[in-house]
Amino acid sequence: MPELPEVETIRRGLAPLVTGAVVVDAGSHPSAKFSPAVEAVGTAIESVDRRGKYLLLGLDDGRRLVVHLGMTGQLRVVEAGDPAGGGAPAGGEAGGDPGAGPDGGDPHDRAWWRFADGRQLRFRDVRRFGRIAVVDRDLSGLPTLAALGPEPFDPAFTPEHLWARLRASRARIKTQLLSQRPVAGVGNIYADEALWLAGGHPAARRLGRPGATRLHAAIVEVLASAIDHGGTTLRDYRTALGDVGGNQLHLRCYGRGGEPCERCGTELRRAVYDGRGTTWCPRCQRR
DNA sequence: GTTGCGTCCTGGACGC
DNA sequence: TGCGTCCAGGACGCAA
C-alpha cells in the first residue's frame, strides 16, 4: 500500500530512467481509471515529481501525467525485449483485453507507455485501486489533489498548522490524518506508527497543543525514516527497480496487534476505527 | 459543511 | 484438494 515514503522511493528510482523519454505509444485497461494513460502519447517526460501519494510526470506540452498507485500499484521500466515487459506492444490499442498487458504480458498490467528507445514504463495494479489522469500543470483537473494538505517536509507543515487543522474537526485523529488534509501522504501504516511514537490515541477526537507538537514531530520522523529504509513492503510494493523496501523491519506498531509494546511491554491492541484496521498501545496511547 | 459508512477490487489466509 | 468466506485499504459517493 504505497504511502508517501514508498511513492517517494519510486520517484527517486524512476526519475533518472524516464526523464527525457519520448512516449511514442501507450495502452491501458478499458476502465476510465486507467484509460487517460494514452493521452501522454506524443509528449516527452520532463520531470518526475510527487505530491502526497501521487506521482506527477511533467510532460513537455505543459500537462502532467498523474499516477496514484492505490494499494497494489507498481511502476517499472523494462528494457526493449525484456520478457517481463512482454516485448514490443502489439497493436497498442487502448481498451484491449481487460487486465492483459500488451502482447499478453502480466495480466495485472493496467497501463503501459512505450518510449522512442523501445523501453516501456508499465503500471501493474492487481486490485485496481490505482488511477491515472492527465491534467493541467496547476492540477486543477483533480480536486482531491488540489485539496491536499502541506507536504510533511515543507516549512508550511508546522505544529501550529497541525494543531489548528485537528482542532477544527471532531473526527477521530487517525481518520483526519488519513483524509490527507492536515498533511499529505500519511496512510494507515504511518498513521499508526506516528500516533504510537507520539503517544496519541487513534480514536481520540481532541488533541492538545503539546500532543499536536509531538504528533507533528512523529509524522516527520516516521516518514523520513521510512524513506531512508526504501519504503515498507508488506506484500506488493516494489521500487522502480523491482526491489523490496526495508522499512517493514522497523515497524513498531502497525500490524503488531497482540505483540508486546517495545516501549512498555503492554500487549498492543487492534480494532477497526472508521473502517480501518488500527493498532495501538493501550498504556502509551491513552485518550 | 461534517461525519461515517458502503463500495470498488482481487489475492491470500483460513476453516470446513 | 477444493470450495466458500473473510480480510486488507485509498479514494470516492452518498446518506444522515
Side-chain angles (χ1 to χ4, degrees), chain A residues 1-8 10 28-36 50-56 66-75 97-101 106-111 123-133 135 139 141-149 152 164-195 202-207 223 226 231-238 244-245 247-248 251 253-258 269-280:
Chain A
M1 52 219 66
E3 302 179 27
L4 185 149
E6 290 75 40
V7 178
E8 175 62 20
I10 290 170
S28 76
H29 182 278
S31 165
K33 296 199 298 182
F34 307 108
S35 57
R50 179 193 55 73
R51 180 78 172 92
K53 305 175 192 176
Y54 293 81
L55 266 176
L56 310 174
V66 181
V67 179
H68 192 291
L69 300 171
M71 280 187 62
T72 56
Q74 302 172 354
L75 276 172
D97 182 19
D106 188 315
H108 298 121
D109 283 344
R110 309 306 182 191
F123 179 51
R124 181 176 186 269
D125 183 16
V126 172
R127 296 186 197 175
R128 287 196 244 165
F129 271 36
R131 61 193 59 221
I132 294 169
V135 299
L139 307 178
L142 272 180
T144 302
L145 187 50
L148 289 179
R165 287 305 305 243
L166 296 179
R167 198 175 39 167
S169 171
R170 292 279 294 147
R172 293 187 174 91
I173 300 297
K174 178 176 175 179
T175 303
Q176 291 194 58
L177 292 178
L178 296 182
S179 76
Q180 308 300 302
R181 295 183 184 275
V183 60
V186 176
N188 208 36
I189 295 174
Y190 300 110
D192 275 4
E193 290 294 304
L195 284 164
R205 296 177 188 272
R206 291 177 181 273
L207 196 61
L223 293 177
T232 300
T233 296
L234 297 178
R235 183 173 301 169
D236 300 284
Y237 162 67
R238 295 291 185 277
V244 299
N247 197 60
Q248 63 278 8
L251 297 178
C253 180
Y254 176 84
R256 301 187 64 172
R269 286 187 187 166
R270 188 183 182 284
V272 175
Y273 289 123
D274 295 335
R276 295 291 172 258
T278 300
T279 308
W280 79 101

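Every chain is numbered from 1 and lettered A, B, ... according to where its sequence line falls, protein lines coming before strand lines. Predicted model, so just to flag it, every value in this text is computed and none were measured.
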Rounded to whole Å, how long is the line connecting atom CD of Glu3(A) with atom P of dG9(C)? 9 Å
Short side-chain N/O contact to dA11(C) OP1/OP2 from Lys53(A), under 4.0 Å: yes
Locate the shortest heavy-atom distance separating Arg276(A) from Asn188(A); write the atom from each residue and the value. CB-OD1, 3.8 Å
Any chance you could measure Arg238(A), atom CZ, to Thr233(A), atom OG1, to the nearest 0.5 Å? 6.0 Å
Distance col, row Asp192(A):CG vs Leu177(A):CG, nearest 0.5 angstrom, shows 10.0 Å
Pairwise distance CG(Asp109(A)) to CG(Asp125(A)) - rounded to 0.5 angstrom: 10.0 Å
Can you give me the closest heavy-atom contact between Tyr190(A) and Glu6(A), atom names plus distance? OH-OE2, 2.5 Å
Looking at every heavy atom in both Ala191(A) and Val186(A), which two are closest together, and how far apart are they? N-CG1, 3.6 Å
Rounding to a whole Å, what distance do you find between Leu177(A):CG and dG9(C):P? 15 Å
Spacing between Arg181(A) atom CZ and dA11(C) atom P, to the nearest angstrom: 11 Å
To the nearest angstrom, the CG-C1' distance between Asp274(A) and dG10(C) comes to 14 Å
Has Phe129(A) got its ring stacked on dA11(C), by the test of a centre gap below 5.5 Å and a plane angle below 30°? no
Roughly, in whole Å, what's the span from CG in Asp125(A) to P in dG9(C)? 16 Å
Segment of DNA chain B, first to last nucleotide, that comes within the 4.0 Å heavy-atom reach of chain A: dT3(B) to dG12(B)
On DNA chain C, does the nearest nucleotide to Gly275(A) precede the nearest nucleotide to Leu142(A) from the 5' side, or the other way round? Give the residue. Gly275(A)
Which part of the nucleic acid, if any, lies within contact of Gly277(A), taking any heavy atom under 4.0 Å across all strands shown: a base, the sugar-phosphate backbone alone, or nothing? sugar-phosphate
Just call it for Arg205(A): base, sugar-phosphate, or nothing, with non-hydrogen atoms closer than 4.0 Å on any strand. sugar-phosphate
Tell me: CZ of Arg131(A) to P of dA11(C), nearest whole Å? 8 Å
Just to be sure I understand the rule, does Ser169(A) reach a base, reach only the sugar-phosphate, or reach nothing, if contact means heavy atoms closer than 4.0 Å? sugar-phosphate
If pairing means Watson-Crick or G-U wobble with both distances under 3.5 Å, then the partner of dG2(C) is dC16(B)
By nearest-nucleotide position on DNA chain B, the 5'-leaning member of Met71(A) and Tyr273(A) is Tyr273(A)
Heavy-atom closest contact (Arg181(A) atom, Arg165(A) atom, distance): CB-NH2, 3.6 Å
Does Arg276(A) make a side-chain donor-acceptor contact with the base of dA8(C), cut-off 3.5 Å? no
Euclidean distance, atom CG of residue Asp192(A) to atom P of dG10(C) [Å, nearest integer]: 10 Å
